[in-house]
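I have placed the structure first, in the form of C-alpha cells, so that the comments after it can refer back to it.
Here is how names work: the chains are called A, B, and so on, in the same order as the sequence lines, proteins then strands, and each is numbered from 1.
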There are 2 protein chains.
Amino acid sequence: MTSEQPDPAATTDEIRLLWSGHEPGPARRGPRPKLTRSEVVTAAVRLADAEGIEAVSMQRVAAALGYTTMSLYRYVDSKDDLLLLMADAAMDATPPGPREDGDWRAGAEEWCLAVVALYRAHPWMVRLPVTGPPSGPNGIRWMEAGLREICAPGLRPSEAVQMLLILTTVLRETLRMEFDMRQAAHRHGQQISDNESAWVQGLLGVLETDAFPTVTRVLGQLGAEEDKFGGLDSDSERGGGPVEGLGFGLDRILDGIEAYTGGRTAD
Amino acid sequence: MTSEQPDPAATTDEIRLLWSGHEPGPARRGPRPKLTRSEVVTAAVRLADAEGIEAVSMQRVAAALGYTTMSLYRYVDSKDDLLLLMADAAMDATPPGPREDGDWRAGAEEWCLAVVALYRAHPWMVRLPVTGPPSGPNGIRWMEAGLREICAPGLRPSEAVQMLLILTTVLRETLRMEFDMRQAAHRHGQQISDNESAWVQGLLGVLETDAFPTVTRVLGQLGAEEDKFGGLDSDSERGGGPVEGLGFGLDRILDGIEAYTGGRTAD
DNA sequence: TAGTTCTGTGTATTACTTACACTATTAACT
DNA sequence: AGTTAATAGTGTAAGTAATACACAGAACTA
C-alpha cells in the first residue's frame with residue numbers, strides 16, 4: 001500500500017492530519033506516551049535521508065527508535081499518513097524572502113533554485129506520490145513564497161496556481177530522473193553522462209533512420225553538441241544530468257509568463 | 001519492488017529488452033511454450049486497464065491467463081521488466097501525423113491532446129515510474145511525432161528534447177493528479193470540484209491571513225473566480241479537474257518557445 | 001483502592017515477489 | 001529408434017511488508 005494512489009480521503013482529512021498539533025496535551029489516563037508524533041516523523045525522515053525511501057518501513061522506523069513496529073500506530077494511523085507527515089516535515093527549510101528590487105522573474109528563479117536545494121537535501125521526496133497542491137504548514141510556506149513572485153506580473157489566481165504547479169512538477173520530476181540516473185549509473189560504476197550517451201548510442205544502434213528521421217537526426221546531433229547551456233547548477237561539477245540543463249526549460253516557461261502579461265509588473 | 005526506483009540497469013538493458021523481438025523462433029528443445037511474451041504483456045495491460053495498476057500482480061496476471069504465477073517468469077525476467085514492457089505496449093496508438101500547413105504550434109497542441117487521450121485510455125500509465133526519455137519502439141514513435149513539431153521553430157537538439165520532456169512531464173503529472181482526485185472524490189460520492197473547493201475552504205479555515213497573505217488572497221479569489229479558461233477538454237463535461245485548465249499552462253510554455261525562437265519557423 | 005483508559009508488545013493474517021527443485025515434454029544427436 | 005539434454009509449467013517455501021487484534025501493565029480518576 002506504500003505507493004499506490006493514497007486515498008487522500010477528501011482533502012479535508014489531509015489538512016486535519018497536517019495541521020492538528022497532536023502535541024502531548026495536559027494529562028490523560030493510562031501510561032504516558034514515551035514518544036511523540038514528531039519524534040516518529042523525524043526518525044522516519046532521518047532514515048529516508050540516510051537510506052532512501054524504500055528503507056522506510058514501519059519496522060525500520062520503529063527499530064531506529066528502539067520500539068516495536070506496532071507501537072508506531074499509536075502515533076500515526078497508517079504508513080500513508082506517516083509519508084504525508086514526512087513530506088511536510090522535510091520542507092522545514094525557509095524559502096527565499098521577498099526581493100527588494102521587486103524583480104519577480106529573478107525571484108521566481110531564486111525560488112526554483114531553493115526548491116532544487118530542498119529536493120537535493122531530501123532526495124526521497126521526489127518519490128512520494130503527490131496528491132495535489134500542498135496542504136501542510138511547511139508546504140504552504142513554500143507556496144506563499146512562490147505565489148508571491150509568480151503573481152507579481154499580474155496573473156489571475158488560478159493562472160498563478162497553475163504555473164506554480166507546473167514549475168514544481170517540472171523541478172520534481174527532473175530531479176527524480178536525475179536521481180534515478182545517478183543511482184543506476186553509480187551501481188554500474190559509471191557517470192550519468194555515460195548513461196546518457198549509452199541511451200543515445202543504444203537507440204541509434206537500433207533505430208532505422210527512415211522510420212524515425214527526426215529522432216535519429218536529433219540524437220545524432222545530440223552526441224555531437226558541445227555547448228551545454230549554463231544551467232541550474234553550473235557551479236557544481238556533477239558530471240551532467242537532466243537538472244544541469246533545466247535552466248533552459250525554466251527560462252522558456254518564465255518567458256511564456258512574460259509574453260502573456262506583456263512585461264507589466266502590477267496586479 | 002513494484003514501484004521503487006527500478007534499476008534501469010544501464011539504459012542498454014532496457015533498450016535490449018524493449019527491442020528484442022522475443023518471438024518464438026524456429027525450433028528449440030523442450031516443450032513448446034504455450035504462451036508468448038506479448039500475450040503476457042497484453043493480459044497485464046488488459047488487467048491494468050480494467051482494475052488499475054495495483055491489481056497487476058504476477059498472480060493476477062497468471063490467473064487471467066489460466067497459468068500459475070511462476071510460469072510467467074519464463075517470459076519475463078521480473079515484474080519490473082513486465083511493467084516496462086507494458087508501458088511501451090500501451091503506447092500502441094498512432095500519434096498525429098505531420099500537418100500540411102506546417103503550423104508547428106498547432107501541431108504541438110495536437111500532439112499534447114493525443115498524449116492526453118493516450119493517458120486517458122490507460123490511466124495506470126501515469127503511475128509507472130518514468131526512468132527517462134522513452135526507449136521502446138512505441139515510445140519512440142511518439143517522440144518522433146513530438147520532436148517533429150517542436151524542432152520546427154528552430155530549437156537545438158538538446159533544447160527540443162528538453163522541452164518535449166517538460167511537456168510530457170506536465171501532461172502526465174497533471175493527469176495523475178486528476179485521476180487521483182477523481183478517484184478520491186468518487187470514493188466519497190463527490191465531484192472533483194467538491195474536492196477542490198474542499199481544499200480551498202479547508203485551507204482558508206486553517207490559515208492565518210497575516211502569516212500567508214498571498215496564499216489567502218489567492219485562495220479567496222479562487223473561490224470567487226468564475227471564468228474558467230477553455231482548456232484541454234472543454235468538450236467533455238467532467239466536472240472540473242486539473243486538466244481542464246491545463247490549456248493555459250501549455251499555452252505559456254509554447255509562448256515561451258515562440259518568444260525564444262522569435263517566430264521563425266525554419267531550422 | 002477500584003475502575004477505567006491508554007501504551008507498548010506479541011502474534012497472526014494477508015498479499016506480494018521470487019528462488020529452487022521437480023516433472024513432463026520435445027528436439028537433436030547417435 | 002533410442003538416448004540425451006534443454007526447456008516449460010508446477011509446487012513449495014522463503015523473505016518482506018502492512019496492519020488487525022488481543023493482552024499486560026501503567027497511570028489517572030472517582
Quick one: does V130(A)'s side chain get under 4.5 Å of T168(A)'s, heavy atoms only? no
Salt bridge E173(B)-R172(A), side-chain N to carboxylate O under 4.0 Å: yes
Does this structure show an ion pair linking R127(B) with D180(B), if we count only N-O contacts that are shorter than 4.0 Å? yes
Between R46(B) and D49(B), is the closest basic N to carboxylate O distance under 4.0 Å? no
From dT10(D), dG10(C), dT19(D), pick the nucleotide closest to the side chain of Y73(A)? dT19(D)
When rounded to whole Å, the CG to C1' distance for the pair D81(A) and dA18(D) reads 13 Å
Side chain to side chain, M86(B) and I53(B), heavy atoms closer than 4.5 Å: yes
Under 4.0 Å from OP1 or OP2 of dG9(D): is there any side-chain N or O of S71(B) that close? no
In this structure, how many angstroms lie between the C1' atom of dA18(D) and the CD atom of E54(A), rounded? 17 Å
Expected output: side-chain K79(A) to main-chain V56(A) donor-acceptor under 3.5 Å: yes
Rounded distance (Å) that lies between atom C1' of dG8(C) and atom CG of L72(A): 10 Å
What residues from residues 35-49 of chain B pass a heavy-atom cutoff of under 4.0 Å to DNA chain C? none
Given 3.5 Å as the limit, does a donor-acceptor pair link the side chain of E39(B) with the main chain of T36(B), or not? yes
Write down the distance between CD1 (I53(B)) and P (dA15(C)), rounded to a whole number of angstrom. 19 Å
Calculate the interatomic distance between L65(B) atom CG and dG9(D) atom P; express it in whole Å. 11 Å
Between P of dA17(D) and CG of L82(A), the distance in whole Å: 14 Å
Expressed as a whole number of angstroms, how long is the span from K34(B):NZ to dT10(D):P? 7 Å
Could you go through nucleotides 23-28 of chain D and list every protein N or O atom that sits under 3.5 Å from one of its N or O atoms, giving the distance for each pair?
residue	atom	partner	partner atom	Å
dA27(D)	O4'	G30(A)	O	3.3
dC28(D)	OP1	R32(A)	NE	3.4
dC28(D)	OP1	R32(A)	NH2	2.1

So does P134(A) get a backbone contact from the side chain of W199(B), meaning a donor-acceptor N/O pair under 3.5 Å? yes
Report the residue (M70(B) or Q59(A)) whose heavy-atom-nearest nucleotide on DNA chain D is the more 5′ of the two. M70(B)
Look at R141(A) together with E144(A) and state whether they make a salt bridge at an N to O cut-off of under 4.0 Å. no
In terms of side-chain heavy atoms of Y75(B), which of dT17(C), dG9(D), dT19(D) is nearest? dG9(D)
